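Report on one structure; see the data block that follows.
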Protein chains: 2
Amino acid sequence: MQSYTEENYLKIIYHLSVISNPVQTNAIAERTQTKAASVTDMLKKLSDKELVDYVKYQGVTLTEKGKLMAINIVRKHRLWEVFLVEKLNFKWDEVHEVAEELEHINSTLLTERLDEFLEFPKVDPHGDPIPDQYGNFADLSFIKLSKLKVNDKGTITGVSEHSSPFLKHLEKLGLTLGKKIEVSEIIDFDGSVELLIDYKKINISREVALHILISK
Amino acid sequence: MQSYTEENYLKIIYHLSVISNPVQTNAIAERTQTKAASVTDMLKKLSDKELVDYVKYQGVTLTEKGKLMAINIVRKHRLWEVFLVEKLNFKWDEVHEVAEELEHINSTLLTERLDEFLEFPKVDPHGDPIPDQYGNFADLSFIKLSKLKVNDKGTITGVSEHSSPFLKHLEKLGLTLGKKIEVSEIIDFDGSVELLIDYKKINISREVALHILISK
DNA sequence: AATATTTTTTAGATTTGTCTAAATTTAAAA
DNA sequence: TTTTAAATTTAGACAAATCTAAAAAATATT
Ligand SMILES: [Mn+2]
Ligand SMILES: [Mn+2]
Ligand SMILES: [Mn+2]
Ligand SMILES: [Mn+2]
């Protein structure tokens, strides 16, 4: 049985692995809001438990066991986020802190029943994929519009924000499901994106781009 | 901000206050599964925080502040139990441990939205009253089945023992919330009670009768 | 009232997760 | 290839929550 703290480390290492592998001490320290020395202590502990492969001065990689645990925490986090938004009418920006706590409730029955209750959602309110109980992610063939580069083309296949103001805004801009778009420019200043749609150029904020899902 | 541990102490002191006031160190130690010495340490800490009035060698009483905190934890515990049973199809003997963890999630928004989602339940799956957000309990008038006389009638509205074996036993006997019963005989020999339920006679031990709550 | 028993508290130690400051290793720059 | 800088680890300390064993206080019993 892992402590709340160990679980947070595992999850953070999991997320950081996507960017760099192995994961460095300082990167973890920054995310956990602790000091490098504390991280070193924890890495030794996780290594003793065989949840990470740790090489002094190099960094850590999750073992298969550690990875499964991390994915399970991510699974719970995202399921709870769906619950909060779909059932309790939280806004997409209100769910994170609470999910950060709920993800540590350990009960397989609870997790699986929650999944069922939510009708097995594939993505969370931010468009992030929800792994199944075995740790497998459905291959989602869409990415956030904000991840596209200049000249990339694609089709709008979903949104990861369901609020009325947001949807109305999209509609007004002509950004509806099935529409083909092309990124014509990305403005460094504010991260906003210029799109080509229906032979017209429009500009959307980074905030909006983050919640539009694109498939190629 | 209270720690998980402090919250558990507050809740336990609250429950024990009903039986004896002030609450004694050993009683708390038994409930928290710790030693008396540990309890003494915690009582000093809670006293410093003005959550309890503590008199050496005498015991503790919750302050108004401490009592409100305790009631809020009880509120969350019972709301989550309702959620688990009503929405996730948990059985009434399966909810306790999970609620024991969920009760520590601190988010007013979450608690109030959950209350609303559940349509403001007045009692939990065991018939225990759910306080409102100000700490007020609806006046529920029930008595122990063991206090009934022969020929007394009533409806099962709660239980005062939440262990899984006990609850499963009741279920097997058909003694669930809402069922109407009548006392047909009280056996002097062992204090067991003969009941009329669904036109059938069943016999329950005094031990069981002590933990069934009846309203007329 | 004196003695025995129970209850509670103190003293000192341990574990977990954290910190600061100093030492060490690795990486980058001159 | 030295020298410098950055990243990481060790050493030693601390707060929270717990423990055991011994001392002290409150109750109960003769
Ligand atoms: Mn967390
Ligand atoms: Mn999310
Ligand atoms: Mn608890
Ligand atoms: Mn209950």
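Computed over heavy atoms, backbone and side chain alike; hydrogens, waters and symmetry mates excluded. Small disclaimer: the values here were computed from a predicted structure and weren't measured. Quick note on labels: first sequence line is chain A, next is B, and so on, each numbered from 1.
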- prompt: Any side-chain N or O of Tyr54(A) under 4.0 Å from OP1/OP2 of dT8(D)?
  reply: no

query: Atom CE of Met42(A) to atom P of dT9(D): distance rounded to whole Å?
result: 14 Å

message: Which residues pass the ring-ring contact (aromatic ring centres under 6.0 Å, His included) test with His15(A), not counting sequence neighbours?
response: none

Distance-only check: which donor-acceptor pairs under 3.5 Å involve side-chain atoms of residues 27-39 of chain B, not counting sequence neighbours?
| from | atom 1 | to | atom 2 | distance (Å) |
| --- | --- | --- | --- | --- |
| Thr32(B) | OG1 | Ile28(B) | O | 2.8 |
| Thr32(B) | OG1 | Ala29(B) | O | 3.3 |
| Thr32(B) | OG1 | Thr34(B) | OG1 | 2.8 |

query: Using a cut-off of 4.0 Å between protein heavy atoms and nucleotide atoms, how would you tag nucleotides 22-29 of chain D 5' to 3' with B, S and -?
result: ---SS---

query: Would you call Lys91(B) and Glu171(B) a salt bridge, taking side-chain N to carboxylate O under 4.0 Å as the test?
result: no

query: Honestly, is Lys87(A) close enough over Phe83(B), meaning NZ or CZ under 6.0 Å from the six-membered ring centre and within 45° of the axis?
result: no

- prompt: Can you tell me how far P of dT18(C) sits from CD of Glu6(A), to the nearest Å?
  reply: 10 Å

- request: Please test Met69(A) against Tyr14(A) for side-chain contact (heavy atoms from CB on, under 4.5 Å), starting from the C-alpha separation and ending with a verdict.
  value: CA-CA 10 Å; Met69(A) 276 188 187; Tyr14(A) 173 75; over 6 Å; no

Evaluation steps, side-chain contact (heavy atoms from CB on, under 4.5 Å), between Asn203(A) and Glu185(A): CA-CA 9 Å; Asn203(A) 184 284; Glu185(A) 196 180 345; over 6 Å; no

- request: Please work out if Thr5(B) contacts a base, only the sugar-phosphate, or nothing of the nucleic acid, heavy-atom cut-off 4.0 Å.
  value: sugar-phosphate

message: Within residues 24-35 of chain A, which residues have any heavy atom lying less than 4.0 Å from an atom of DNA chain D?
response: Gln24(A), Thr25(A), Asn26(A)

query: Looking at residues at least two apart in the chain, or sitting in another chain, which of them share a side chain to side chain donor-acceptor pair (under 3.5 Å) with Glu112(A)?
result: Arg75(A)

message: What contact category does Tyr4(A) fall into here, base, sugar-phosphate, or nothing, at under 4.0 angstrom with non-hydrogen atoms?
response: nothing

message: Output the rounded distance in Å from CD (Glu7(B)) to C1' (dA16(D)).
response: 15 Å

Distance-only criterion, 3.5 Å: show the donor-acceptor pairs between side-chain atoms of residues 130-149 of chain A and protein atoms not counting sequence neighbours.
| from | atom 1 | to | atom 2 | distance (Å) |
| --- | --- | --- | --- | --- |
| Asp132(A) | OD1 | Tyr134(A) | N | 2.8 |
| Asp132(A) | OD1 | Gly135(A) | N | 3.0 |
| Asp132(A) | OD1 | Asn136(A) | N | 3.0 |

field: Whether over 12 other heavy atoms sit under 6.0 Å from Glu207(B) CD
entry: no

task: Provide, to the nearest angstrom, the distance between the CG atom belonging to Asp41(B) and the P atom belonging to dT8(C).
output: 14 Å

task: Considering just the side-chain nitrogens and oxygens of Ser38(A), establish if one lies under 4.0 Å of OP1 or OP2 belonging to dT18(C).
output: no

